[in-house]
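So the structure is just underneath, and the comments pick up after that.
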Amino acid sequence: MKKWIVLTAALVMIANAAWAAKAAAKTTASKPTPVQASASADDSLTAAQRQIETMTPGLAYNFSLDVSLIDMYNMNFANTNQTSSWYYYPVYRAIVTDVFQHGFGVTADIEKPGYAGLTYPTIKVNELYGKYKMGNFYYKLGRQIFGDPDDLILGLQSDAVAFGMNLENIDLEFFYAHSDVVSVIGTMDGTIGLIPTFTFSPSMGLRGYLLIETQPITVTSGGTTSDKTNSIIFLGAKYYADLAVGSNASIAVGAQPAIQFALAQDAAARNIDATSFGIKADGTFKMAASRDFGFKAGAHMIFTGGDPDVALNTKAGFCSTNELVGSGPGLFDKVQDGAGPYTFVDTIGSSKLQQYAGVFAFGLDAGFDVLDKTLQPGLALWFYSDTDTVSNVKSSYIGTEFDETVVYHLNEHLSFYQQLGVMMPNPSYHLPTGGTDPSLGMGMKFVLGTKLEF
């Protein structure tokens, strides 16, 4: 059925291309990323994504081939070190958008990912939806992406229905998504979202979040069994600004506070306390002094409340709902499609870094543009600590991560890249006083790759 849907969408786009009044010329994008919900800027969007975002009549498309060799070593920091595992990983991706003359458009973002030892679909449908806009109102139906990998609060790839109203400086969007988001109280099968966005200027805005995740559950109390629906609720905001400093520099800042609470019970009908707080702050200074050299340096902080009493399963700490590929700090949470969610799992059994679950993370990074962005090296350093309140432990410090990247652009269509991530875990993390230190091994991720895009 999925193949028929993809084929039908492709045929419709091709048929419309013949009479579209303003066919958009193909363009390149240095780093294709998912469309952000109510995006404030489209610098990171491909031509095809921008076409559907702005509902500009015509046809636009982007194609890419990303081929890499990846080595993962000791990625779950197990007690016994894992051997290295080199594998070849190609990703073929096509993004095609066709917008008709009367306010209707369709878009398809489809890729053929590599396998990396896991059973994976023949194709992966990132997005496949239709959008209709009439005046200030718009409607979207189909597989969509909400949020972006850097968002603390929102990051879903789901079959959804969305509608909203777009005024001059205000966008109000509502959506319902059929989702399988792993949250602090279980796997949630549905997400309702209201996202108002206020644009103060082309480089400054504020986005609000009201997210309600739902989960059916069966509870037993006093010998009586009943069905009910658990809910976990997120209230938050995201402020972003890119401020000019002089003629060739700028400072980009962002802040995302969020409050989480639940209306939920466990299987024994005990109320679950999931009240918690999370915040993410980012600041980056960018300098483009000349065509020969430029740089940027940034600092990032994430704090999410932990479980105040890990011995009781009726309490739960904050857990980000962002499950997009690439979410989380550092290279060790840039999940490779089909390669598995390589992330640190502590002795309590909760995923600490990938979902920002009860963790404090602080990162410093720097990137450079050499010879008009022909060469782009970068460095990053991350420090991780656990915010769970656990008694009688040696240390809550998880570990330190060092990341290094280099991208070389041969021309506007072809680039080569290399990545290295080294995670140095703290051997005494979450170990009772007097216990025996585990032989936690250093983790490593090394990538060599090339990307062709047009």
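Using a 4.5 Å cut-off on side-chain heavy atoms (C-beta onward), Met165 and Tyr138 make no contact. Counting heavy atoms from C-beta outward, Lys124 and Gln157 have side chains that approach closer than 4.5 Å.
Annotation: Phe416, atom CZ; neighbour count of heavy atoms from other residues, nucleotides and ligands within 6.0 Å is above 12.
Closest non-hydrogen pair, Cys319 versus Gln260, comes out as N-OE1, 3.2 Å.
Asn169 and Thr199 share no side-chain donor-acceptor pair at under 3.5 Å. Of the N and O atoms on the side chains of Glu401 and Tyr384, at least one donor lies less than 3.5 Å from an acceptor on the other residue. In this model, no donor atom of one side chain and acceptor atom of the other lie less than 3.5 Å apart for Asp159 and Tyr176.
The main-chain N or O of Ala60 is never found under 3.5 Å from a side-chain atom of Thr97 such that the two would form a donor-acceptor pair.
Residues passing the ring-ring contact (aromatic ring centres under 6.0 Å, His included) test with Phe303: none are found, sequence neighbours excluded.
Because its NZ or CZ atom is both nearer than 6.0 Å to the ring centre of Tyr129 and within 45° of the ring axis, Lys140 counts as a cation-pi partner of that residue. For Lys280 and Tyr356, the positive end is not near the middle of the six-membered ring at less than 6.0 Å and at most 45° from its axis.
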Please report, to 0.1 Å, the donor-acceptor pairs under 3.5 Å made by any side chain of residues 177-185, with sequence neighbours excluded.
| residue | atom | partner | partner atom | Å |
| --- | --- | --- | --- | --- |
| Ser179 | OG | Thr191 | OG1 | 2.9 |

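Between Tyr132 and Tyr139, the two ring planes are parallel [angle under 30°; tilted spans 30° to 60°]. Ring geometry, Phe234 versus Phe318: the interplanar angle exceeds 60°, so the pair is classed perpendicular (tilted spans 30 to 60°).
Using a 4.0 Å cut-off between a side-chain N of Lys or Arg and a carboxylate O of Asp or Glu, Asp242 and Lys286 qualify as a salt bridge. The pair Lys315-Asp307 does not count as a salt bridge, with every side-chain nitrogen at least 4.0 angstrom from each carboxylate oxygen. Arg93 has a carboxylate O that lies under 4.0 Å from a charged side-chain N of Asp109, or vice versa, which qualifies the two as a salt bridge.
Each ring-ring contact (aromatic ring centres under 6.0 Å, His included) pair with one or both residues in residues 194-223, not counting sequence neighbours, would appear here, but there are none.
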